[in-house]
Amino acid sequence: MIDKAQVQARAQNQYFEMKNVSKIFKTRNGPLTAVEGVDMKLSVGSTLGLVGESGSGKSTVARMLLRLLKPSGGQILYGGQDITEWKDRQLKSVRRSVQWVSQNPAAALFPNLSVGHNIMEPLRTHGIGTSREREERARELMRRVGIPQEGFYAFPHEFSGGQQQRIVIARALAVNPKYIVLDEAVSSLDVSVQAQILNLLQDLQEEMGMAYLFISHNLAVIRLVCEEVAVMFLGRVVERGKSQEVFSNPRHPYTKKLLAAVPSFTDEGVAPLNETNLLQGDPPSPLHIPSGCCFRTGCPYATEKCAQERPVLRRVGNQEAACHYAEDLPEAR
Ligand SMILES: Nc1ncnc2c1ncn2[C@@H]1O[C@H](COP(=O)(O)OP(=O)(O)OP(=O)(O)O)[C@@H](O)[C@H]1O
Ligand SMILES: [Mg+2]
């Protein structure tokens with residue numbers, strides 16, 4: 001167990017940061033702007049949430065932040081060092097400190113390796129420990145994530161989805177990472193299993209002090225686990241701040257709509273959604289991003305100014321929002 005002061009000391013110069021980062025993919029249909037002008041920081045010991053609908057650029061941001069993908073513009077810093085241009089060989093030590101847990105545990109595990117060997121695999125790849133030490137470590141991690149020891153020689157398909165995700169988490173922890181990206185890591189699990197995994201992740205973070213970049217469509221989950229959140233729309237961060245502030249008093253019309261689209265529960269069951277608040281139609285294509293504000297074509301408050309001038313992310317109340325009219329919009333919901 002490490003205490004808060006140790007976690008903070010560890011965090012001091014341990015962070016990933018992106019400055020004004022963009023990513024343009026070359027596609028058959030022309031250049032596709034997946035991410036534009038994003039600033040972000042992920043420090044050891046913290047949890048940052050990334051939320052936004054499908055295709056808004058969340059995974060691309062995560063892959064660039066960890067330099068698994070090279071940005072088209074902007075800078076990536078690791079502990080203050082500019083790693084934007086680093087080659088694979090230089091990035092090896094950086095990558096060892098990063099693990100990725102995604103939506104589909106069955107696909108992430110090697111089907112022909114036993115659970116124990118799956119968990120030991122990253123240790124073997126990085127040449128860590130003797131085979132005996134690796135086994136001890138795998139067994140300890142199984143205990144930690146709640147997989148019975150009898151499962152060591154069993155195969156992944158013999159476990160439920162929730163158990164498989166625990167095995168993936170155990171494997172991610174094997175190399176003692178400082179950063180874990182959880183990309184829709186609980187989305188495919190049923191609600192009670194989601195809660196167990198989220199509790200496990202929180203306990204592990206308290207014990208080990210690593211950082212989580214938590215990507216999800218699910219606002220309730222983000223609200224529960226993330227201190228800070230960035231809301232993405234069409235490759236841009238449109239709102240950012242402490243989760244509590246952003247969710248209790250959203251300042252960008254897109255965040256307001258996202259929140260309004262979450263059904264709430266009352267004594268009579270699920271409350272009907274206010275139709276006028278719902279997100280209408282598909283967002284614009286990243287191949288043809290509108291002029292000015294990227295959200296204006298779906299925004300009920302858009303004016304001519306929104307078509308002319310791109311709003312920048314700026315301080316509004318206790319958070320930041322990229323909307324010309326953030327101060328003047330009606331209260332949420
Ligand atoms: N390698 C690639 N080549 C071309 N386009 C890509 C590539 N990777 C992502 N894109 C495009 O970039 C945009 C952002 O994709 P990304 O996967 O980051 O979104 P996302 O927010 O993670 O979505 P989801 O919630 O569905 O996972 C999408 O329009 C996607 O089609
Ligand atoms: Mg994604």
Side-chain angles (χ1 to χ4, degrees), residues 16 18 20-40 42 47-74 76 84 88 91 98-108 161 165 168 172 179-189 194 197 201 212-223 225-226 228-240 243 246 252 254-255 257-259 261-262 279 281-290 293-295 297-298 313 322:
F16 276 101
M18 57 200 325
N20 197 21
V21 162
S22 60
K23 182 71 196 177
I24 301 169
F25 289 109
K26 288 188 190 118
T27 72
R28 238 177 300 147
N29 301 316
L32 182 152
T33 308
V35 172
E36 196 177 288
V38 169
D39 295 301
M40 202 165 280
L42 178 66
T47 301
L48 172 65
L50 264 190
V51 66
E53 59 203 286
S54 187
S56 56
K58 305 180 297 294
S59 299
T60 306
V61 160
R63 284 160 67 209
M64 286 196 290
L65 188 68
L66 309 176
R67 259 314 320 273
L68 299 167
L69 196 65
K70 196 170 165 199
S72 312
I76 309 287
T84 323
D88 283 350
L91 286 168
V98 177
Q99 292 292 311
W100 196 286
V101 177
S102 60
Q103 180 164 12
N104 188 348
Q165 198 60 307
V168 171
Y179 305 88
I180 302 188
V181 177
L182 298 144
D183 195 350
E184 302 287 359
V186 296
S187 309
S188 66
L189 306 173
Q194 273 189 12
I197 299 281
L201 290 169
Y212 291 147
L213 180 59
F214 199 97
I215 299 175
S216 182
H217 292 90
N218 189 329
L219 291 152
V221 168
I222 292 266
R223 185 178 201 159
V225 297
C226 303
E228 298 206 13
V229 62
V231 182
M232 292 195 65
F233 182 79
L234 215 60
R236 288 149 181 84
V237 173
V238 295
E239 182 153 4
R240 182 169 69 186
S243 296
V246 170
H252 194 282
Y254 176 63
T255 318
K257 288 207 165 204
L258 267 185
L259 283 167
V262 177
L279 289 163
D282 290 332
S285 159
L287 289 164
H288 308 286
I289 291 176
C293 173
C294 60
F295 186 58
T297 54
L313 199 62

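First listed ligand is number 1; within each ligand, the first listed atom is number 1. None of these values were measured; they are calculated from a predicted model.
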| note | Heavy-atom nearest pair, Leu69 first then Thr60, reads CD2-CG2, 3.9 Å
| note | Separation between CG (Asn29) and CG (Leu287), nearest 0.5 Å, reads 5.5 Å
Side-chain polar contacts of residues 228-235 - donor-acceptor pairs under 3.5 angstrom, sequence neighbours left out - could you list them?
residue	atom	partner	partner atom	Å
Glu228	OE2	Lys242	NZ	3.4

| query | Is it true that the side chains of Asp183 and Ser59 contain a donor and an acceptor less than 3.5 Å apart? | reply | yes
| field | Protein N/O/S neighbour count - the Mg ion (ligand 2), strictly under 2.8 Å | value | 1
| Can you find a side-chain donor-acceptor pair between Glu53 and His217 that sits under 3.5 Å? | no
| request: Give the protein residues with at least one non-hydrogen atom closer than 4.0 Å to an atom of ligand 1, ordered by chain and number. | output: Phe25, Thr27, Leu32, Ala34, Glu53, Ser54, Gly55, Ser56, Gly57, Lys58, Ser59, Thr60, His217, Pro286
| Test log, rule side chain to side chain contact (heavy atoms under 4.5 Å, CB included), inputs Met40 and Leu48 | CA-CA 9 Å; Met40 202 165 280; Leu48 172 65; 3.5 Å; yes
| message | Working to the nearest 0.5 angstrom, can you tell me the gap between Leu66 CG and Leu42 CG? | response | 7.5 Å
| note | For Ser56, the side chain to side chain donor-acceptor pair (under 3.5 Å) test, sequence neighbours excluded, returns none
| Hey, are Gln103 and Ser188 close enough side-chain-wise for a donor-acceptor pair under 3.5 Å? | no
